[in-house]
Number of protein chains: 2
Amino acid sequence: MVVDQLSDAELDRLFQAFADTTRRDIMRRVAVGEYSVSGLASLYAMSFAAVQKHVAVLERASLVTKEKRGREQIVRGNHEGLQKARRLLDEYEAIWRQRAARIAEILAEE
Amino acid sequence: MVVDQLSDAELDRLFQAFADTTRRDIMRRVAVGEYSVSGLASLYAMSFAAVQKHVAVLERASLVTKEKRGREQIVRGNHEGLQKARRLLDEYEAIWRQRAARIAEILAEE
DNA sequence: CTGATCTACAACCATTTGGTTGTAGGATAT
DNA sequence: ATATCCTACAACCAAATGGTTGTAGATCAG
């Protein structure tokens with residue numbers, strides 16, 4: 001049963017978001033704790049604006065959410081987004097296993 | 001135990017490769033059967049050269065291998081590459097669950 | 001041998017990406 | 001009230017991406 005049909009564009013954004021070392025690192029951070037955008041920015045050797053853009057990419061991909069708290073913007077990991085990406089790879093894995101099973105079957109026939 | 005340490009560049013290439021609808025479709029195809037480059041090209045509304053480039057991207061990401069057979073180049077899915085991507089997402093998932101467990105622990109303390 | 005097929009690769013083009021600096025506006029602290 | 005901090009966003013730039021066409025080398029069929 002396919003609960004949640006993912007559009008191509010959504011998957012493009014998801015995997016594109018993972019395709020950058022800084023963004024993967026941000027994902028690791030926000031999975032564990034809370035960070036403001038500037039808190040994240042202080043961790044990397046690049047401008048605040050650059051980190052802000054990375055967070056925006058993650059946000060568009062639904063991998064992260066932002067919530068305003070005072071003058072800060074708190075970045076939190078979004079479990080759903082991560083699961084969607086995982087689900088797709090699991091699907092490929094399943095196709096692969098089916099094929100392996102089919103091959104074994106054919107070999108067993110002779 | 002981490003058996004296989006993945007470099008950042010390798011992961012960049014892996015996820016970048018998945019970040020395109022045509023390439024994900026190619027992955028689905030070659031996971032099931034064998035295709036020549038031109039066989040794949042005939043499936044999409046774009047030039048042969050464009051498909052050739054997509055295959056090259058998948059190949060550089062170790063998601064696919066090519067093998068020369070006569071005048072054709074046979075494209076096959078590479079299970080290892082797929083598993084590497086899955087492993088990373090699983091890792092994030094694990095971090096997430098650890099954090100959820102930790103939160104539950106804290107709540108249980110009071 | 002000739003022609004058709006499959007592939008590789010270069011050159012080109014428009015758009016996106018990942019970075020920068022600069023400007024401006026809200027929230028906070030003193 | 002003023003200075004500082006955090007954020008948003010625009011403008012710009014170089015490099016990468018996703019596409020094209022064209023050329024050329026192998027391989028196969030007749």
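Atoms considered below: every heavy atom in the structure, side chains included; atoms not considered: hydrogens, waters and symmetry mates. Computed from a predicted structure; not experimentally measured. Each chain gets a letter, A, B and so on, in the order the sequences are listed, and its residues count up from 1.
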Would you say the side-chain atoms of B:Arg23 pair up with the backbone N or O of B:Gln16, donor to acceptor, closer than 3.5 Å? yes

Step-by-step side-chain contact (heavy atoms from CB on, under 4.5 Å) determination, A:Leu14 to B:Phe18: CA-CA 9 Å; A:Leu14 260 175; B:Phe18 275 115; over 6 Å; no

Measure the spacing between OG of B:Ser36 and NZ of B:Lys66 and express it to the nearest 0.5 Å. 11.5 Å

Give me, pair by pair, the N or O atoms of the protein and of nucleotides 23-25 of chain C that are less than 3.5 Å apart, along with how far apart they are.
none

When rounded to whole Å, the OH to P distance for the pair B:Tyr44 and D:dG18 reads 15 Å

Donor-acceptor check, side chain of A:Tyr92 to backbone of B:Arg24, threshold 3.5 angstrom: yes or no? yes

After noting the C-alpha distance and the side-chain angles of B:Tyr44 and B:Ile26, does the key distance pass the side-chain contact (heavy atoms from CB on, under 4.5 Å) rule? CA-CA 10 Å; B:Tyr44 307 102; B:Ile26 292 176; 3.5 Å; yes

Identify all pairs in which a protein N or O lies below 3.5 Å from an N or O of nucleotides 7-11 of chain C, and state each distance.
{"from": "C:dT7", "atom 1": "OP1", "to": "B:Val37", "atom 2": "N", "distance (Å)": "3.3"}
{"from": "C:dT7", "atom 1": "OP1", "to": "B:Gln73", "atom 2": "N", "distance (Å)": "2.7"}
{"from": "C:dT7", "atom 1": "OP1", "to": "B:Gln73", "atom 2": "O", "distance (Å)": "3.3"}
{"from": "C:dT7", "atom 1": "OP2", "to": "B:Ser38", "atom 2": "N", "distance (Å)": "2.5"}
{"from": "C:dT7", "atom 1": "OP2", "to": "B:Ser38", "atom 2": "OG", "distance (Å)": "2.9"}
{"from": "C:dT7", "atom 1": "O3'", "to": "B:Gln73", "atom 2": "NE2", "distance (Å)": "3.3"}
{"from": "C:dA8", "atom 1": "OP1", "to": "B:Lys66", "atom 2": "NZ", "distance (Å)": "3.4"}
{"from": "C:dA8", "atom 1": "OP1", "to": "B:Gln73", "atom 2": "NE2", "distance (Å)": "2.5"}
{"from": "C:dA8", "atom 1": "OP2", "to": "B:Gln52", "atom 2": "NE2", "distance (Å)": "3.1"}
{"from": "C:dA8", "atom 1": "N7", "to": "B:Gln52", "atom 2": "OE1", "distance (Å)": "3.4"}
{"from": "C:dA8", "atom 1": "N7", "to": "B:Gln52", "atom 2": "NE2", "distance (Å)": "3.3"}

Between D:dC5 atom P and A:Lys68 atom NZ, what is the distance in whole Å? 19 Å

Looking only at side-chain N and O atoms, does B:Ser47 come under 4.0 Å of OP1 or OP2 in D:dT20? yes

May I ask you to list the residues of residues 15-31 of chain A, by number, that have any heavy atom positioned under 4.0 Å from an atom of DNA chain D? none

Length of the line joining B:Leu40:CG and C:dC6:C1', which is rounded to integer Å: 13 Å

Looking at CG of B:Asp12 and OG1 of A:Thr21, how far apart are the two atoms once the value is rounded to the nearest 0.5 Å? 3.5 Å

Please list each protein N or O that sits under 3.5 Å from an N or O in nucleotides 13-15 of chain D, with the distance.
none

With sequence neighbours excluded, what pairs up with A:Arg99 under the side chain to side chain donor-acceptor pair (under 3.5 Å) test? none

Please list all pairs passing the salt bridge (charged side-chain N to carboxylate O under 4.0 Å, His left out) test where one or both residues lie in residues 34-56 of chain B, with sequence neighbours left out. B:Glu34-B:Arg69, B:Glu34-B:Arg76

Please determine whether a side-chain nitrogen of the Lys or Arg among A:Glu10 and A:Arg13 lies less than 4.0 Å from a carboxylate oxygen of the Asp or Glu. no

Taking the side chain from B:Asn78 and the backbone from B:Ser62, do they hold a donor-acceptor pair closer than 3.5 Å? yes

Decide, yes or no, whether a salt bridge links A:Arg87 with A:Glu91 under the criterion of side-chain N to carboxylate O below 4.0 Å. no

Start at the 5' end of DNA chain C and walk down; is the nucleotide closest to A:Arg60 or to A:Arg69 reached first? A:Arg60

Quick check: does any side chain N or O of B:Glu59 sit under 3.5 Å from a backbone N or O of B:Thr65, one acting as donor and the other as acceptor? no

Give a yes or no on whether the backbone of A:Leu89 and the side-chain of B:Arg86 come within a donor-acceptor separation of less than 3.5 Å. no

